[in-house]
Amino acid sequence: MHEKERHRLILNVTQEKPVATVSELVELTGSSEATIRRDIAALHVQNRLRRVRGGAEALTPPQILGLAGRPFSVNKTINIAQKQAIAREAVALCGEGDSIIINGGTTTFQMVFPLANSRLQIFTNSFPIAEHLLHNSKNTILLSGGTIYREQNIILSPFENDVTKNFYAQRMFMGAQGLSPLGLMEADPLLIQAEQKLIDQADELVVLADSSKFEKRSSLILCGLQRITTIITDEGVSDRAAAMLEAAGVTLIVADATQSKRAGSSPVR
C-alpha cells in the first residue's frame, strides 16, 4: 500500500474511534509494525494526529465512544469484488414481496444495488442501507429506532420494547466478525444484544462473509452454527471451513467474484 493511502486510512481511523492501535493499523494496511510507527511519527510531526503509547489518536478525539471493530468507512474499501458477488447471491434468495431483515455492515450494504428493482418489505438498522434504498428503489423500508453509531453507521436501541419485535421476516441477512466451529462471532456486547433481537424475528439466518472471516476470531459468540441456515462466501473458502459447515448442516453458497453480474442466475452450491 502506498504511503499516501496508508496515511489517509490512518487519519480516517483516528477520526472515528478514540485510539487506533499499531496492531489494528498493521492488520488494516498489511504493512509492518515499523512502517506504521514511522507513519504515525510523520503524521504527528505534521500535526495531523497525536502519537500515543501503542498507537495514535485524533487531535480532536470523537466525543462518543464507538463500537469495537473497524469503522464502516474503512471496511467498505476491503474485498470489494468478493462482497459484491456475495451480495448478488444473497439477493437471488429473495422473492418479490418477501419480508427480510438486513443487518448493518459493509457486505450487506452491497445488497442495495441488486435490490434496486425489487419490491420487498425491508427492515434494517443501517442508516446507509435505508437511505440508499429510499432514494434508489421502490422497496418498503422500515428503520429501527435508537442511537446512530457513526463509525459503524448502524442504529442500536437500548430499549427492550422497540419496534424490532413487531417485524417478522422470512430471512435475516447479516455479516460476521468471524466464523468458527463455535459459531458466529462478534466484537462488541452491544452489537450482540441488538443482533440477537433481530435474529429472533427471522425464520432463516443468512450470513454474508468473505473467506477471510473464517480465519478470524473474537471473544464473543453471537449464535451457534446450528442457528445459521445459509452462509454465502467467496471462492477463497478452505476445504476445512466447508467441511465444518457441512457437519453443522449449514448450506454453503460460493459466489464467483471473477464474473460479471449474472441477472437471474442460480446460486452455486
Side-chain angles (χ1 to χ4, degrees), residues 80-144 154-155 163-176 179 184 194-210 213 222-223 225-235 237 242 245-246 248-269:
I80 289 295
Q82 290 88 340
K83 290 177 178 179
Q84 290 172 338
I86 290 168
R88 290 196 296 268
E89 297 291 1
V91 173
L93 297 177
C94 301
E96 286 296 298
D98 281 359
S99 297
I100 65 172
I101 297 170
I102 306 180
N103 194 51
T106 56
T107 307
T108 51
F109 176 76
Q110 292 299 325
M111 292 177 67
V112 301
F113 304 104
L115 279 172
N117 297 317
S118 300
R119 289 179 179 269
L120 286 77
Q121 304 279 332
I122 301 175
F123 183 95
T124 185
N125 61 358
S126 166
F127 191 74
I129 288 174
E131 183 179 39
H132 186 95
L133 291 175
L134 179 66
H135 293 295
N136 299 282
S137 81
K138 294 187 181 299
N139 295 285
T140 299
I141 312 302
L142 291 86
L143 193 62
S144 63
I154 60 174
I155 304 168
V163 69
T164 300
K165 292 188 177 295
N166 299 109
F167 188 83
Y168 158 78
Q170 284 105 330
R171 296 177 192 87
M172 175 176 173
F173 297 90
M174 68 180 303
L179 283 156
L184 187 61
E195 288 167 348
Q196 284 177 338
K197 286 195 297 184
L198 289 172
I199 289 173
D200 288 343
Q201 300 304 114
D203 287 340
E204 300 178 12
L205 177 60
V206 181
V207 175
L208 284 59
D210 66 76
K213 299 300 177 67
L222 173 59
C223 68
L225 289 179
Q226 70 278 3
R227 177 60 182 89
I228 302 172
T229 309
T230 303
I231 289 180
I232 310 177
T233 188
D234 59 75
E235 292 180 308
V237 64
L245 299 178
E246 182 180 5
V250 179
T251 298
L252 175 64
I253 297 177
V254 179
D256 185 355
T258 64
Q259 294 186 13
S260 59
K261 181 177 179 181
R262 297 161 292 156
S265 64
S266 299
V268 179
R269 296 183 185 270

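In this structure, the separation between CG on Asn117 and CG on Asn139 is 9.5 Å, given to the nearest 0.5 Å. Atom-to-atom distance recorded for Ser99:OG and Phe167:CZ is 4.5 Å, nearest 0.5 angstrom. Once rounded to the nearest 0.5 Å, the distance linking CG of Asp98 with CZ of Arg171 reads 5.5 Å. Rounding to the nearest 0.5 Å gives a distance of 5.5 Å between CG of Leu245 and CG of Leu252. Atom-to-atom distance recorded for Ile141:CD1 and Ile122:CD1 is 4.5 Å, nearest 0.5 angstrom. Rounding to the nearest 0.5 Å places CZ of Phe109 at 14.5 Å from CG of Asn103.
When each of Asn136, Val91, Leu133 is tested with Val112 by the rule side-chain contact (heavy atoms from CB on, under 4.5 Å), just one qualifies, namely Leu133. Evaluated for a side-chain contact (heavy atoms from CB on, under 4.5 Å) with Glu89, the options Leu208, Ile232, Asp256 yield exactly one hit, Ile232.
With contacts defined as side-chain heavy-atom distances shorter than 4.5 Å, the pair Lys83/Thr106 qualifies. Thr124 places none of its side-chain heavy atoms less than 4.5 Å from the side chain of Thr108. Counting only heavy atoms from C-beta outward, the side chains of Phe113 and Arg88 never approach each other to under 4.5 Å. In this structure, Ile253 and Thr230 have side chains that are in contact, with non-hydrogen atoms separated by less than 4.5 Å.
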Ile228 vs Leu179, test: side-chain contact (heavy atoms from CB on, under 4.5 Å). Steps then yes/no.
CA-CA 11 Å; Ile228 302 172; Leu179 283 156; 4.3 Å; yes
Let me see the working for Leu184 and Met174 under side-chain contact (heavy atoms from CB on, under 4.5 Å), right down to the final yes or no.
CA-CA 10 Å; Leu184 187 61; Met174 68 180 303; 3.8 Å; yes
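The nearest pair of heavy atoms linking Leu142 to Gln121 is CD1-OE1, 4.2 Å. Contact record, Leu120 with Gly95: CG-O, 4.0 Å, taken as the closest heavy-atom pair. For the residue pair Ile101 and Ala169, the shortest heavy atom distance occurs at CG1-CB, 3.7 Å. Summarising the geometry of Ala81 relative to Ala257, their closest heavy-atom pair is O-CB, 3.7 Å, with the distance given to 0.1 Å. In terms of heavy-atom proximity, Arg119 sits nearest to Glu96 at N-OE1, 3.3 Å. Residues Pro114 and Ala87 approach most closely at CG-O, 4.4 Å, considering heavy atoms.
For Gln196, the CD atom sits in a packed shell: over 12 heavy atoms of surrounding residues, nucleotides or ligands are nearer than 6.0 Å.
A donor-acceptor contact shorter than 3.5 Å is absent between the side chain of Glu204 and the backbone of Gln170. At distances below 3.5 Å, at least one donor-acceptor pair connects side-chain atoms of Thr233 with backbone N or O atoms of Ala209. Checking side-chain atoms of Asn125 against main-chain N and O of Gly104 turns up a donor-acceptor pair under 3.5 Å.
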